[in-house]
Protein chains: 2
Amino acid sequence: MKPTSIEDFLRQAHQFYLPAVSIDNVIFGFHENQLKVLLLKSSDKNVWMLPGGFVGKKEHVDAAAARILKIRTGLDAIFLQQFYTFGQPERSNNRILVKALKSLTRKFDKNHWVLQRFVTVGYYALVEYANVNPHPDELSLACDWHDLDKLPELLLDHHEIILKALEEMRLKLNYQPIGYNLLPKEFTMKNLQSIYETLLGRKLDRGNFNRKMLSYGILDRKEKQFSGGAHKAPYLYSFNKKKYFKALEGGLGREF
Amino acid sequence: MKPTSIEDFLRQAHQFYLPAVSIDNVIFGFHENQLKVLLLKSSDKNVWMLPGGFVGKKEHVDAAAARILKIRTGLDAIFLQQFYTFGQPERSNNRILVKALKSLTRKFDKNHWVLQRFVTVGYYALVEYANVNPHPDELSLACDWHDLDKLPELLLDHHEIILKALEEMRLKLNYQPIGYNLLPKEFTMKNLQSIYETLLGRKLDRGNFNRKMLSYGILDRKEKQFSGGAHKAPYLYSFNKKKYFKALEGGLGREF
DNA sequence: GAATTATTGAGTCAATATGACACAATAGTA
DNA sequence: TACTATTGTGTCATATTGACTCAATAATTC
């Protein structure tokens, strides 16, 4: 039906507009040469989920992502990167979500607003595994790292969201450095290479990786040495913070 | 205040959650070796805006972008690409927007929901300038192309949105072909080079551009010829649709 | 303490890609 | 017919990439 006036138009539109915006955070960590993702265990004990929540009415979406991450996992002061907005209508009202929420309260209404349609903005972050201490909020039973290649059953489309985050990270590899937030202060070239290999899903030549990474000029080599392996001790490196962030801004390789 | 029960938690949250999701479309065209963007003239005669609108309650966000584009400009069957979600709270209630809406209706309420906080999902598209026939909807006074380097005064943060769209397109150049939707069926290599130069903001060497573009193997060369210039006639090319879309999926250059 | 093993830093080399430039060919114009 | 602007093509020095070699060495084993 065509609106007959601007007031009509606005009134009609009001019936129609979308109610809510939510956040899902995909937090990656790196441990034992494995890329891991941080998940919350819902009160429905077999279902895990990304730490997510709703955006406040007067809140910057970026700020909401940070607030929600802190509330739900305890992680603070993490650099979150927006990567995609998920807008399928059917993703909101979901059997598993209903089940999970019903387990929280018997009086739960099937038409409750949290089950109505919402749009989710996805953020990811890379964190140094050893330096964070995730713990679940009151609504969750656990907050744990999971290997990317053996994820448990996940809420809604959270599996798809994780894959999309990975894909976006992989594309960024080509023009931005990575690793600053994933590795400890000092690390070996092999550690760094493992991250790249995990994200790209293929093996890289050791010598060539070395040469290329050093050519970026973002690494400082320490006066040796990592010890512990039954072999020649590798050099330790650290990121040159200044040069690293300059490369983040300006890009790495030649563009076009 | 801490919630004392799950019901409390949900009730408190309800007061807090964000009400609306909107769309802004950035439509790029290419004409006379100039990149242009499609804008609507608001009823406040000095302000132009991107063709935008609100997402429906049961509507896929991608579908909303297409619907809104069609309603507001008449453009149909355009491939829209999501590029970023803009979430600053202060961007919604704005002096210019209030003025624009007040000019539509005297009874306009300053606290009307359309002035409340909303989050905007940005989409861009590249269209063939000569093949589309944009016309304004009932709410707008005009629908015209504008040169990117001399944009008029724009609503809200639409200027920032356009710049972000450009930036994202520029980054995609490095691993995806471009031009299929911007150029007519047959075009010269110089036409294609102009697009790249506009997006990158710098001149490229003619010979090298030729070599590189042909190496992608996505162009078919026609049996000559463009005529009309006071000089040697250039070859005409067309995109090999099959190879072009294969390259869109798989990427162009080596990645990492 | 010498041999073994796994892994490292450094280097080689052919193949390929890039950036800067040169030059003859030619469609329209003077 | 000469001129001008622009085109297709080619050259060449340099840089980058991919695949590989080899001596060095930290811990372990003999």
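Model, not experiment: these values are computed from the prediction. Letters A, B, ... mirror the listed sequences (proteins, then strands); counts begin at 1.
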Item checked: Euclidean distance, atom CD of residue A:Gln193 to atom P of C:dG9 [Å, nearest integer] -> 11 Å
Next item on the list: With sequence neighbours left out, write down each residue that passes salt bridge (Lys or Arg N to Asp or Glu O under 4.0 Å) with B:Glu167, or none if nothing qualifies.
Entry: B:Arg170
Next item on the list: Establish whether the base of D:dT25 is bridged to the side chain of A:Lys232 by a donor-acceptor pair shorter than 3.5 Å.
Entry: no
Per-pair distances, 0.1 Å, donor-acceptor, side chain in residues 236-243 of chain A, under 3.5 Å, sequence neighbours excluded:
unit_1, atom_1, unit_2, atom_2, d
A:Ser238, OG, A:Lys222, NZ, 3.3
A:Asn240, OD1, A:Lys242, N, 3.2
A:Asn240, OD1, A:Lys243, N, 3.1

Notebook entry, point to check: Roughly how many Å is it from CZ in B:Arg202 to P in C:dA20, rounded to a whole number?
Noted result: 10 Å
Check: Given atom CG of B:Asn174 and atom C1' of C:dT18, what is their separation to the nearest angstrom?
Finding: 15 Å
Next item on the list: Only counting residues at least two apart or in another chain, list the ones meeting side-chain contact (heavy atoms from CB on, under 4.5 Å) with A:Pro152.
Entry: A:Leu39, A:Trp48, A:His146, A:Leu154
Check: Is the gap between the ring centers of B:Tyr196 and B:Phe209 under 6.0 Å?
Finding: yes
Next item on the list: If a protein heavy atom is under 4.0 Å from the base, mark B; if only from the sugar-phosphate, S; if neither, -; do that for nucleotides 9-15 of chain D going 5' to 3'.
Entry: S-B----
Next item on the list: Taking salt bridge (Lys or Arg N to Asp or Glu O under 4.0 Å) as the test, write out the residues that go with B:Glu168, two or more places apart.
Entry: B:Lys164
Item checked: Sequence neighbours excluded - salt bridge (Lys or Arg N to Asp or Glu O under 4.0 Å) pairs with any residue from residues 175-194 of chain A -> none
Notebook entry, point to check: How long is the line joining CG of A:Leu204 and P of C:dT8, in whole Å?
Noted result: 14 Å
Check: Atom CG of B:Leu40 and atom CG of B:Asp137: how far apart are they, to the nearest 0.5 Å?
Finding: 6.0 Å
So which protein nitrogen or oxygen atoms get under 3.5 Å of nucleotides 27-30 of chain D's nitrogens or oxygens?
unit_1, atom_1, unit_2, atom_2, d
D:dA27, OP1, A:Gly228, N, 3.2

Margin query: Can you list everything that forms a side chain to side chain donor-acceptor pair (under 3.5 Å) with B:Asp76? Sequence neighbours excluded, please.
Written below: B:Lys70
Checklist line | A:Phe209 CZ to C:dG9 P, straight-line distance once rounded to whole Å | finding: 12 Å
Checklist line | Length of the CG-P vector between B:Leu236 and C:dA27, whole Å | finding: 14 Å
Note to self: Nearest heavy atom decides the nucleotide; on that basis, is B:Ser215 or A:Lys190 closer to the 5' end of DNA chain C?
What the structure shows: A:Lys190
Item checked: Qualifying residues under side-chain contact (heavy atoms from CB on, under 4.5 Å), relative to B:His31, sequence neighbours excluded -> B:Lys36, B:Tyr129
Item checked: Atom-pair distance (CG on B:Leu192; P on D:dT7), nearest Å -> 13 Å
Margin query: Rounded to whole Å, please give me the gap between CG in A:Leu252 and P in D:dT16.
Written below: 13 Å
